[in-house]
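Because only heavy atoms are used, hydrogens play no part in the values below, and waters and symmetry mates are left out as well, while side chains stay in.
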Amino acid sequence: MAEILVYVDHVDGAVRKPTLELLTLARRIGDPVAVALGNGAADTAAALAEHGAVKVLTADAPEFAEYLVVPKVDALQAAVAAVSPAAVLVPSSAENKEIAARLAVRIGSGIITDAVDLEAGDEGPVATQSAFAASFTTKSRVSKGTPVITVKPNSAPVEAAPAAGAVEALAVSFGALATGTKVTARTPRESTGRPELTEAAIVVSGGRGVNGAENFAIIEALADSLGAAVGASRAAVDAGWYPHSNQVGQTGKSVSPQLYIASGISGAIQHRAGMQTSKTIVAINKDAEAPIFDLVDYGVVGDLFDVVPQLTEEVKTRKG
């Protein structure tokens with residue numbers, strides 16, 4: 001079978017869930033070859049092999065940590081030259097989409113971003129995307145060069161499929177642009193103990209109807225009972241009730257969890273653009289005419305201050 005390059009998203013050797021999902025998708029269209037870069041790259045091999053990587057290309061150099069984006073593009077370009085893959089898969093994120101776009105330009109190929117599914121086609125991989133605020137689903141393929149495809153988190157299950165996972169060093173030559181933008185400082189993100197918003201299987205979001213920063217404790221309590229991430233609409237974020245890093249929507253983060261619970265969110269198209277690909281959507285809103293009810297799987301017409309605490313207690317009761 002053809003080899004498929006999979007760019008590994010990891011933190012000091014701990015492989016993040018979207019990469020394991022990519023390995024599931026890569027196995028549909030070929031043999032996954034993982035590319036792990038930076039500190040701890042070699043430590044990713046065991047997890048990657050367990051989930052189907054037939055080979056793991058690793059490279060570590062100070063440039064990966066000290067400079068933005070371009071050194072990683074140089075490394076992926078070297079991997080493409082070494083492997084001649086049938087496609088390159090990259091987990092979707094702001095930085096990774098820039099890496100993918102630069103790589104596509106470098107190798108003279110087309111790019112597909114934010115795919116939500118992938119399947120084999122007679123003329124190359126066929127990607128499924130949600131377009132126009134998820135009002136349409138499209139299927140497309142790259143017609144020139146090696147397809148570069150970024151895939152949204154939660155687009156595929158994580159499936160164990162043990163493979164060889166042979167580790168090989170990747171030789172990387174950094175170009176003149178690699179040191180063009182230097183990282184001058186880093187500030188560790190404060191841990192909330194909750195899952196990463198874009199990777200979470202369950203997301204509980206609050207909107208204008210929460211009516212104040214102090215009331216987001218109700219949303220957080222439901223999220224914690226479910227082991228979920230907390231999101232917020234733009235209205236809530238702009239009002240200063242919740243951090244911008246938790247905004248879901250067209251100008252925030254796109255999420256695609258198994259379960260999305262929208263509390264006090266009317267459902268403006270900008271918000272829908274960021275969550276409409278969720279597998280199951282539940283809305284709680286006292287306005288029966290709210291647009292959010294047009295796309296939900298389950299809707300509760302009621303005051304969130306009555307409904308959400310009862311739901312939280314019921315979840316806790318059922319869990320034990």
Side-chain angles (χ1 to χ4, degrees), residues 1-10 15 18-38 41 44 48 51-59 64 69-129 131 138-153 155-156 163-175 177-178:
M1 293 181 71
E3 293 184 317
I4 308 297
L5 277 186
V6 174
Y7 176 61
V8 178
D9 194 352
H10 71 97
V15 181
T19 297
L20 303 181
E21 296 169 4
L22 281 195
L23 291 172
T24 299
L25 293 174
R27 293 197 306 273
R28 297 179 186 174
I29 56 177
D31 292 325
V33 175
V35 181
L37 308 174
T44 65
L48 297 171
H51 292 86
V54 299
K55 190 187 304 181
V56 181
L57 305 180
T58 65
F64 294 127
V69 179
V70 178
K72 297 172 183 177
V73 179
D74 289 340
L76 279 177
Q77 185 178 10
V80 170
V83 174
S84 298
V88 180
L89 305 185
V90 180
S92 274
S93 69
E95 178 180 296
N96 287 352
K97 282 189 280 191
E98 181 176 353
I99 291 171
R102 286 174 179 261
L103 176 65
V105 171
R106 293 265 195 100
I107 64 178
S109 297
I111 182 172
I112 295 173
T113 59
D114 289 335
V116 295
D117 200 5
L118 200 62
E119 59 193 81
D122 293 337
E123 300 180 69
V126 176
T128 301
Q129 294 168 285
T138 67
K139 289 184 179 290
S140 53
R141 65 175 179 83
V142 171
S143 59
K144 179 183 178 182
T146 301
V148 179
I149 304 171
T150 76
V151 181
K152 294 179 70 171
S155 294
V167 179
E168 295 184 10
L170 175 66
V172 182
S173 296
F174 297 111
L177 298 177

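- Shown here are the side chain to side chain contact (heavy atoms under 4.5 Å, CB included) partners of Ala100, two or more places apart in sequence or in another chain: Val90, Ile111, Val148, Thr150.
- You'll find the side chain of Leu48 stays beyond 4.5 Å of the side chain of Val6, heavy atoms only.
- Within the structure, every pair that satisfies the salt bridge (Lys or Arg N to Asp or Glu O under 4.0 Å) test and touches residues 82-96, not counting sequence neighbours, is listed here: Lys72-Glu95.
- Between the CG atom of Asn96 and the OH atom of Tyr7 there is a distance of 5.5 Å, given to the nearest 0.5 Å.
- Annotation: side chain of Arg141 is not in contact with side chain of Pro125 (no heavy-atom distance under 4.5 Å).
- In this structure, the separation between CG on Leu89 and OG1 on Thr24 is 11.0 Å, given to the nearest 0.5 Å.
- In this structure the side chain of Val69 reaches within 4.5 angstrom of the side chain of Arg102, judged on heavy atoms.
- Note on residues 77-87: pairs passing side-chain hydrogen bond (donor to acceptor under 3.5 Å, both in side chains), not counting sequence neighbours, are Gln77-Arg106.
- Residues Pro85 and Val80 are in side-chain contact: their nearest non-hydrogen atoms beyond the backbone lie under 4.5 Å apart.
- Here Leu37 contributes atom CG and Leu57 contributes atom CG; the two are 9.0 Å apart, rounded to the nearest 0.5 Å.
- Listed for the Arg28 side chain is a donor-acceptor partner under 3.5 Å among the backbone atoms of Leu118.
- The line from CG of Leu76 to CG of Leu103 is 5.5 Å long, rounded to the nearest 0.5 Å.
- A distance-only check finds a donor-acceptor pair linking the side chain of Thr19 to the backbone of Asp9 [under 3.5 Å].
- The shortest heavy-atom contact between Ser92 and Pro153 is O-CD, 4.0 Å.
- Side-chain atoms of Arg27 come within 3.5 Å of backbone atoms of His51 as a donor-acceptor pair (strictly under, hydrogens ignored).
- Not counting sequence neighbours, Asp31 has no partner by the salt bridge (charged side-chain N to carboxylate O under 4.0 Å, His left out) test.
- Asp74 contributes a side-chain N or O that, together with a main-chain N or O of Gly175, makes up a donor-acceptor pair within less than 3.5 Å.
- Residues meeting the salt bridge (charged side-chain N to carboxylate O under 4.0 Å, His left out) test with Lys152, sequence neighbours left out: none.
- The salt bridge (charged side-chain N to carboxylate O under 4.0 Å, His left out) test applied to Glu168 returns no partner, not counting sequence neighbours.
- Side-chain contact check for Gln129 and Ser140: at least one donor-acceptor pair (N or O, by modelled atom type) lies under 3.5 Å.
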